[in-house]
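Right, I'll just put the structure down here and ask away after.
Here is the naming used below: chain letters follow the sequence lines, and residue numbers restart at 1 for every chain. In what follows, every heavy atom counts, from backbone to side chain, and hydrogens, waters and symmetry copies are set aside.
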2 protein chains.
Amino acid sequence: MGLIGGSLGLDLQAAGAVVHGLVHRQATAERATARGLATRVSTETAVLRDCAIVILALPLDRLLEPDPTLLAALPPGAVVTDVGSVKRPVLERWGDVPGFVGSHPMAGTAEAGVEAGRSGLFRGRPWVATPDERTDPGALAAVRQVADALGARWRCCSPADHDMAVALISHLPVLVSAALLQTADRGAAAEAGDIPALVRSLASSGFADTTRVGGGNPELGTLMARCNRQAVRLALARYRQTIAALEALVESGNWQELRQELGACATLREEFGGGNHQGG
Amino acid sequence: MGLIGGSLGLDLQAAGAVVHGLVHRQATAERATARGLATRVSTETAVLRDCAIVILALPLDRLLEPDPTLLAALPPGAVVTDVGSVKRPVLERWGDVPGFVGSHPMAGTAEAGVEAGRSGLFRGRPWVATPDERTDPGALAAVRQVADALGARWRCCSPADHDMAVALISHLPVLVSAALLQTADRGAAAEAGDIPALVRSLASSGFADTTRVGGGNPELGTLMARCNRQAVRLALARYRQTIAALEALVESGNWQELRQELGACATLREEFGGGNHQGG
C-alpha cells in the first residue's frame with residue numbers, strides 16, 4: 001500500500017474492482033483504510049482469501065526473499081504478479097509459482113509510503129510484462145487487463161532484455177548522477193580557497209536536473225544495483241569507456257569530433273523522448 | 001542582441017538606461033528594434049560612440065578573437081565588460097584593455113538568437129565578476145551597479161576559481177549527460193533484438209532530466225570544453241575515477257558502502273540547491 005500498491009488500489013477500485021490490501025503494520029492498515037486505498041486492509045494474510053489476482057507490491061529485497069506466511073496464503077488458482085524493477089531474479093524466485101506473471105509498471109519512484117499512492121499514476125506509462133516458457137497465457141491476459149484498465153502502455157519482452165534496458169535507462173542514470181554530485185563536492189574540496197562555497201552558490205538548474213536521480217532514495221538505488229548487478233556492471237563499464245573517449249577528445253583538442261558527438265546527442269535525446277514522458 | 005544581450009537590453013531600458021545595440025546583420029537589427037531590445041540598434045560600430053558601458057555579449061570564440069573594428073570602436077574611457085562563461089582566456093585577451101571587467105551573468109542557455117531575449121532573466125541569478133590586479137575599482141563598481149539594477153546576486157572571485165567551479169557544475173554535467181545518451185544508445189545497439197526499441201520506449205522522466213544538458217546546443221558545449229580545456233580535463237578525469245570507484249563497489253558487492261555513498265549524495269544535492277534555482 002505504498003506508492004505503487006496504494007495507487008493500484010485507488011485506480012482498481014475506480015475501475016470497479018474489490019481490492020483487499022495486506023500490510024505489515026496496524027498503523028499502516030488504519031491509514032490506508034482512511035485514505036481509501038483498498039476496500040478492506042488488514043495485517044492478516046487471510047485477507048488474500050478468494051482474491052483472483054494478487055499483486056506483490058513489495059520492495060525488491062522482500063520480493064526476492066518472501067515471507068513464508070505470504071507464500072502459504074496465496075489463494076490456489078489465483079493469478080500472481082509483481083511490480084519489481086528487475087525481472088531476472090524475480091523470475092528465478094517466482095517463475096515456478098502457478099499463475100505467476102513477472103511485470104513492471106514503470107511509474108514515479110520519488111515518493112514512498114502509505115501517503116504516496118495517488119490516482120492515475122500509471123496512465124500513459126509503460127507496463128512491461130516478462131513472460132517466459134512457464135507463464136500461463138490466461139494469467140498473462142489477466143495482468144494485461146489490469147494494465148489496460150489503468151491506462152498503461154502494455155509491452156512484453158524477455159526478463160533479460162528488460163533488465164539490460166532498465167540498467168541503461170534507469171539504473172545507470174542514478175549512478176552517473178550520483179558520481180556527478182561526488183565529483184563536484186570532492187573536486188571543489190581538493191581546490192584551495194573559495195571553490196567549495198562557489199560551486200554550491202553557482203550550481204544552476206542544469207546541475208539540478210542532472211543530479212536529481214543521483215540524490216534520490218539511497219535504499220532504492222542500492223537495491224537496483226544489487227538485484228541487477230550483472231547488467232549494471234556492464235552498463236557502468238561501457239559508460240566509463242565513453243567518458244574516457246570524451247576525455248581523449250578534450251585532451252587532444254579534437255573539437256570537430258566533439259562537436260559531432262554532441263550534435264548526435266541532441267538527436268538521440270529526441271529519440272529517447274526528450275522530456276515528453278512523465279513519471280520515473 | 002541574443003538571449004543575454006537582448007535580455008540585458010530589455011531590463012536596462014526598464015531600469016531607465018539608454019541602450020545602444022550593435023549587431024552583425026541588418027535583419028537582426030530590424031528584428032531587435034521591432035522587439036524593443038534596445039533604444040537604438042545598428043550594424044555600424046559608430047552606435048557605440050558615447051556609450052559609458054560596453055557589454056560584450058558575444059559567443060566565446062568571437063569574444064576571444066574580437067573583430068578589430070569592434071576594438072577600434074570602443075569609446076575611450078568606457079567601462080567594458082563581457083558575459084563569457086569562461087574567464088581566464090577572456091582576461092588573457094581583454095585584461096589590458098582600459099576599463100575592462102571580466103564578468104559572467106549565469107542565466108539560461110537553452111535558447112539563442114534575437115527572439116530569445118526576455119525581461120527578468122537575471123533576477124535572483126548569480127552574476128560573477130573576476131577582477132584581477134589590473135581591474136579599475138570604479139569600473140568594477142559600475143558593472144556591479146548594472147548587476148544590482150537587474151536583481152542579480154553579485155559575487156567576485158578569481159578567474160581561475162571561476163573556471164574550475166564552472167567546469168565542475170556547468171561544463172562537466174554537459175559531458176556526463178551526453179555520455180549517458182551515447183551509452184544508452186550504443187549499449188542497446190550492442191545487444192541483440194528488441195533492446196534498442198525497448199530503451200527508447202521505456203526511458204522516463206529520470207532519464208530525460210539526466211540527459212537534458214547533454215542534448216543541448218552542441219556549439220556551446222564544444223566552446224565550453226575548448227575554452228576551459230584544462231579545468232574540464234581535470235574534472236573529467238576526476239569524474240572517471242569516481243565512476244570507476246562505484247563500479248568497484250558493484251563488482252565487489254559492497255552494498256553497505258554503496259548505500260552510504262548514495263545517502264551522502266542525497267545530502268549533497270540539498271547543499272547544491274536541489275532544484276530551487278532557476279535558469280542555467
side-chain contact (heavy atoms from CB on, under 4.5 Å) between B:Arg240 and A:Thr242, intermediate numbers included: CA-CA 10 Å; B:Arg240 177 173 41 76; A:Thr242 308; over 6 Å; no

Under a 4.5 Å heavy-atom cutoff, which of B:Leu175, B:Leu234, B:Ile243 has the most pairs with chain A? B:Ile243

Nearest 0.5 Å, please: how far is CD in B:Glu257 from OG1 in A:Thr222? 11.0 Å

What distance separates A:Leu168 CG from B:Leu202 CG, expressed to the nearest 0.5 Å? 11.0 Å

For chain A, which of B:Met164, B:Gln260, B:Gln230, B:His162 has the most heavy-atom pairs under 4.5 Å? B:Met164

If you tally heavy-atom pairs under 4.5 Å between each of A:Val128, A:Leu236, A:Leu223 and chain B, the highest tally belongs to A:Leu236

Would you mind reporting whether A:Glu251 and B:Arg229 have side-chain heavy atoms less than 4.5 Å apart? no

What part of B:Ala264 is in contact with chain A, defined as an atom under 4.5 angstrom from a non-hydrogen atom: side chain, backbone, both or neither? neither

Point-to-point distance, once rounded to the nearest 0.5 Å, from CG of A:Leu181 to CD of B:Glu261: 11.5 Å

Within a strict 4.5 Å, meaning less than it, do heavy atoms of the B:Leu246 and A:Tyr239 side chains meet? no

Looking only at heavy atoms and a cut-off of under 4.5 Å, which of B:Ile195, B:Val166, B:Val232, B:Val213 has the most pairs with chain A? B:Ile195

Once rounded to the nearest 0.5 Å, what's the spacing between atom CZ of A:Phe272 and atom OG of B:Ser201? 11.0 Å

Quick check on B:Ala188 against chain A: is it the side chain, the backbone, both or neither that has a heavy atom closer than 4.5 Å? both

Would you tell me whether A:Arg238 and B:Thr183 have side-chain atoms, one donor and one acceptor, within less than 3.5 Å of each other? no

Select, from A:Ala235, A:Ala237, A:Gly216, A:Gly263, the one with the greatest count of heavy-atom pairs under 4.5 Å involving chain B. A:Ala237

Among B:Ala167, B:Gly253, B:Gly193, which residue has the highest count of heavy-atom pairs closer than 4.5 Å to chain A? B:Gly253

May I ask you to name which of B:Gln256, B:Arg155, B:Gln241 has the most heavy-atom pairs under 4.5 Å with chain A? B:Arg155

Rounded distance (nearest 0.5 Å) linking atom CH2 of A:Trp255 with atom CG of B:Asp61: 13.0 Å

Segment of A:Glu191 engaging chain B (4.5 angstrom heavy-atom cut-off): side chain

Is chain A contacted by the side chain of B:Glu247, its backbone, both, or neither, given a heavy-atom distance below 4.5 Å? both

Comparing B:Asp194, B:Val174, B:Leu249, B:Asp185 against chain A, the one with the most heavy-atom pairs below 4.5 Å turns out to be B:Asp185

